[in-house]
Amino acid sequence: MLFGWTTAGHLACPYCVYDHDAYNLSHGGKPTWFDNHRKFLPANHPFRKNKNWFTKGNTVSESAPPIRTGEDVFQEIESLGLMKITELGSDEHNAKIIKTYKCGWKKRRRSHGCVKTRYLDDREYTAANNYVLFNCPEVAPYIEIFTSGLREQNPYINGVDIDKFLESNFATWFKDYAEDASLVPNEFVRDLASGPLRSIISVPIYYVNGFKFHTRTYGATKSTFNSGEKIRALRAERSRPIDGSSTPQLVDENQFYYDAVGGRNNRNRIYGIGSSQDLFYAPSSSTIAHINNSSHPNSQDYEKLQTELEVMKERMKEMDAMQQRMKDMENLLARMSDNQNQ
């Protein structure tokens, strides 16, 4: 996939581009790429001459188109005259170019779900404003002006304090600074300095260039939901030093993952690792009870217990090796201590 390139229609492949074999189905009219890929095979591949497994009666002798480099793509964008999305009038300008040249540069976006209108609170407003300003290249020179002023006022200020000042004061300073058009001649940048609107339209799901994003509220009831906050909180809690010690505790990664994903679900599965779960986690007590109470254990029960036994044996070997290593380290430390005393 190529970012910004259409993923539908006859131009969906960024490698073939106009040199494609896509066609429309005779009844439904839907574009199809069936049998378009044999030309990427080696010249002597038997599939190229096969008349039965692909399009009936067809063979393929043509070679694949050359793979475009990043420089080729950049030159195409430059030659078409596409504008950055941050430039004024870019939407209308780029839409005309796409329609005129029928090129594949078409970013696809769509929302899904119930549309709601709400207002940003102060924390959300500040976060949104800072995110846009700090990630816009056109604003970077003004960030440098702001930080240079801080260093002039306090030559001994460190990077951490500068970051704090940027997060808390830059947006307000930049808004006042941009009121003078002679200091900020770019109209787009002056609009950015005024900050976002408080009123926003919220949707639970948004699709952008093949990726799906959804809100935490929407995903909270899904079995696959994990925003990352739970993982950070669990890791901080598990690794917290014991009272009287400054050394963080070691985290059992297997148990850590098990707790982070919520353990086993109602089908006795652990999210994210599928059929490999018994290699890392012992079968649940209900599974053991089922096997013990069964008068006719089947081969699956036997293989499951056999696998678990082998895993336990391997872990015992690892523990024995670790104990031996601990003894060797203790002996080495004792010898080093004796040498220092001498």
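Index from 1, following the sequence. Side chains included, hydrogens not; waters and symmetry mates left out as well; all remaining heavy atoms used.
No donor-acceptor pair closer than 3.5 Å links the side chain of R190 to the backbone N or O of A178. Between the T147 side chain and the E144 main chain, a donor and an acceptor come within less than 3.5 Å of each other. D161 places no side-chain N or O within donor-acceptor distance of the main-chain N or O of I157, the cut-off being under 3.5 Å. Remark: side-chain polar atoms of R118 are not paired, donor with acceptor, to backbone N or O of S199 under 3.5 angstrom. Although no hydrogens or angles enter the test, the distance criterion places no donor-acceptor pair under 3.5 Å between the side chain of R151 and the main chain of I162. When atom types are taken as modelled, the side chain of R48 and the backbone of T59 share no donor-acceptor pair closer than 3.5 angstrom.
Hydrophobic cluster membership differs between F40 and V60, with clusters built from Ile, Leu, Val, Met, Phe, Trp and Tyr side chains linked at under 4.5 angstrom. Note on V132: it clusters hydrophobically with Y142, by side-chain heavy-atom contacts below 4.5 Å among ILVMFWY residues. Under a hydrophobic clustering in which Ile, Leu, Val, Met, Phe, Trp and Tyr are joined whenever their side-chain heavy atoms come within less than 4.5 Å, directly or via other members, L192 and L183 fall into the same cluster. Cluster membership for I145 and F188, using ILVMFWY side-chain heavy atoms within less than 4.5 angstrom, is shared.
When side chains are defined from C-beta on, E167 does not count as touching T126, because their heavy atoms never get closer than 4.5 Å. At least one side-chain heavy atom of V139 sits under 4.5 Å from a side-chain heavy atom of F174. Two residues are said to be in side-chain contact when any heavy atoms from C-beta on lie closer than 4.5 Å; N154 and L150 fail this criterion.
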Practice problem: Begin from the C-alpha positions of K116 and I200 and carry the test side chain to side chain contact (heavy atoms under 4.5 Å, CB included) through to its verdict. | Solution: CA-CA 8 Å; K116 297 181 179 179; I200 62 169; over 6 Å; no
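Dense packing is recorded around OH of Y125, with more than 12 heavy atoms of other residues, nucleotides or ligands lying under 6.0 Å away. By the 6.0 Å contact criterion, CZ on F134 is enclosed, its count of non-hydrogen atoms from other residues, nucleotides or ligands being greater than 12. Annotation: K175, atom NZ; neighbour count of heavy atoms from other residues, nucleotides and ligands within 6.0 Å does not exceed 12. Within 6.0 Å of CG in L25 there are more than 12 heavy atoms belonging to other residues, nucleotides or ligands.
Taking both residues in full, the closest heavy atoms of V189 and E138 are given as CG2-CB, 3.6 Å, listed atom of the first, atom of the second, then distance. The two residues L120 and E124 have their closest heavy-atom pair at CA-OE1, 3.5 Å. Across every non-hydrogen atom of P185 and S182, the tightest pair is CD-O, 4.3 Å. In plain terms, the two heavy atoms of A171 and N130 that are nearest each other are CB-OD1, 4.0 Å.
The distance from atom CG of N50 to atom NE2 of H45, rounded to the nearest 0.5 Å, is 10.5 Å. Interatomic distance, CG of N186 versus CG of D191, reported as 9.0 Å (0.5 Å rounding). Atom OG of S168 is separated from atom CG of D163 by 10.5 Å, given to the nearest 0.5 angstrom.
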Tabulate below the donor-acceptor pairs under 3.5 Å that side-chain atoms of residues 320-336 make, not counting sequence neighbours, or state none.
residue: Q324; atom: NE2; partner: D328; partner atom: OD1; Å: 3.2
residue: N331; atom: ND2; partner: K327; partner atom: O; Å: 3.2

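With sequence neighbours excluded, the residues that form a ring pair (Phe, Tyr, Trp, His ring centres under 6.0 Å) with F146 are F170, W173. Listed by chain and residue number, F47 satisfy the ring pair (Phe, Tyr, Trp, His ring centres under 6.0 Å) test with F54 (two or more places apart in sequence, or in another chain).
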